[in-house]
There are 2 protein chains.
Amino acid sequence: MSETKAPLEFYFDFSSPYGYLASERIDELAAKYGRKVKWRPVLLGAVFKATGAAPLTTVPLKGEYSKLDFARSARFMGIPYQPPSRFPLPTQVAARAYYWLHDRDCAMARAFAHAVYRALFVDDRDISDLDVVLDLAVDVGADRAALAEAVESPEIKERLKAEVAAAIDRGVFGSPYIVCDGEPFMGADRLPQLEARLAGQEF
Amino acid sequence: MSETKAPLEFYFDFSSPYGYLASERIDELAAKYGRKVKWRPVLLGAVFKATGAAPLTTVPLKGEYSKLDFARSARFMGIPYQPPSRFPLPTQVAARAYYWLHDRDCAMARAFAHAVYRALFVDDRDISDLDVVLDLAVDVGADRAALAEAVESPEIKERLKAEVAAAIDRGVFGSPYIVCDGEPFMGADRLPQLEARLAGQEF
């Protein structure tokens, strides 16, 4: 019997282009080495308050470059990508919906997370809009009325705050931030290093 | 007769770990595709003033991670690396020396640049110190007295300021920043994308 290996932890914000790129590869990469992945949406706004950072695209010079790099990195990785017309945008509703779904049905939450990312970065939909979030959730099998009530509940708001605070305590300072056996890998561009680690390469 | 291809432009700061990693690969990578490389040291302090950014290692959370990532990326790329005890540190003397040497002997300047980077990131020497810079220059064949006088001259100070201003105008916001046929690639972690571009891959 093979030893059970710890899951990877995948922290991301639903408005993060590099988070989206990682989301399209992380499960397959982990599975290749017998790992599962815990998906943990966070809010970069709260994370940036802790680090004093600003959204990439608002930084002079870096902002223009980052837009070019999002699209080029997507093409390099062979992943569909269209620059969203609303960006960055608030993601708390989508993140709350994720955790509520996750507590009820892991697989449904995973399908929902993919749907949210693709809605934003492929179909240019406004994922900050409650109706869009509910539509995406219903498409993967969720109960619209129950979810609509849940995302406004104090419980789920507190739950998301606690998840974000725990992530910051953990050292999460951006998206995607992946933890493998306690070791952090930041950015979709660190997937090759993560894979080398999973493959047991010495470095 | 084959068409002459434009050289790559390689902007870097002598205190940048990712700049050092790129410096150990860029010439070989370019040569593989029939290109030369123009090396252009800049001062990240001036660049960061323009962008409002701060040295990576001073940013909460990100700072600790970046130290881990410098060393791990070096191992992943198979490049010797020791975290310097003084970091970050001023690099204007080294950069001025580079341009003065470059105007006299390109190959000597290139050897000097490698020597400065390796002195800092392999041998933990203080490259902000004039005597260290002069020692490194003498080792690659420079005239110590002439260089000592030159690095304090108003001409070379203006020259470096002009190079840094031109780089910022060009869009340089960090180190390394590599331009290939007008297209920017930021970071040692973009060398695979740069190579794919040089190889003519469609993406």
Side-chain angles (χ1 to χ4, degrees), chain A residues 11 18 42 44 46-54 56 58-79 81 167-175 177-180 182-197 199 201-203, chain B residues 11 18 42 44 46-54 56 58-79 81 167-175 177-180 182-197 199 201-203:
Chain A
Y11 296 93
Y18 298 125
V42 297
L44 279 186
V47 169
F48 288 166
K49 253 187 214 165
T51 62
L56 259 183
T58 67
V59 179
L61 304 180
K62 200 168 185 170
E64 281 313 299
Y65 172 82
S66 68
K67 288 174 201 169
L68 173 160
D69 191 63
F70 299 155
R72 185 176 60 198
S73 293
R75 293 193 303 272
F76 186 66
M77 295 173 74
I79 295 170
Y81 174 84
I168 294 170
D169 280 351
R170 186 82 199 252
V172 173
F173 61 86
S175 165
Y177 186 96
I178 301 159
V179 182
C180 172
E183 184 182 5
F185 293 84
M186 164 71 200
D189 49 20
R190 289 298 177 275
L191 292 178
Q193 291 190 24
L194 172 61
E195 172 149 25
R197 182 70 82 227
Q201 283 177 33
E202 287 290 328
F203 74 98
Chain B
Y11 296 94
Y18 299 125
V42 297
L44 280 185
V47 170
F48 289 165
K49 252 188 213 166
T51 62
L56 260 182
T58 67
V59 180
L61 302 181
K62 200 168 186 169
E64 281 313 299
Y65 173 81
S66 69
K67 288 175 200 169
L68 173 160
D69 192 63
F70 297 154
R72 184 176 60 197
S73 293
R75 292 193 304 270
F76 185 66
M77 295 174 75
I79 295 169
Y81 175 83
I168 294 170
D169 280 351
R170 186 85 200 251
V172 173
F173 61 85
S175 165
Y177 186 97
I178 301 159
V179 182
C180 172
E183 182 181 6
F185 294 83
M186 166 70 199
D189 48 22
R190 289 298 177 275
L191 292 178
Q193 291 190 23
L194 173 61
E195 174 149 24
R197 182 70 82 230
Q201 284 177 31
E202 287 289 328
F203 73 97

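The structure displayed is predicted, hence computed values, not measured ones. Proteins get letters first, then strands, A, B, ... in listed order; numbering begins at 1 in each.
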Exercise for review: For residues A:D189 and B:D189, report the shortest heavy-atom separation together with the two atoms involved.
Suggested key: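 Looks like OD2-OD2, 3.2 Å.
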Check your understanding: In terms of heavy-atom pairs under 4.5 Å, which option from A:E64, A:E183, A:R75 contacts chain B the most?
Key ->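 Going by pairs under 4.5 Å, I would pick A:R75.
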Check your understanding: Is there side-chain contact between A:M186 and B:S66, with heavy atoms separated by less than 4.5 Å?
Key ->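 With C-beta onward as the side chain, the pair stays apart.
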Check whether [X] gets within reach of chain A through its side chain, its backbone, both or neither, counting any heavy atom under 4.5 Å.
| X | value |
| --- | --- |
| B:V47 | neither |
| B:L68 | side chain |
| B:R72 | both |

Review point. If you round to the nearest 0.5 Å, how far is OH of A:Y177 from CG of B:L61?
Key: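 Rounded to the nearest 0.5 Å, the CG-OH separation comes to 7.5 Å.
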Practice item. Mind checking the CE-CD spacing from A:M77 to B:Q193? Nearest 0.5 Å is all I need. Key: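 It comes to 9.5 Å.
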Point to revise | Among the listed options B:G187, B:P192, B:A196, B:G78, the residue most often paired with chain A at heavy-atom distances under 4.5 Å | key: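 Between B:G187, B:P192, B:A196, B:G78, the count favours B:P192.
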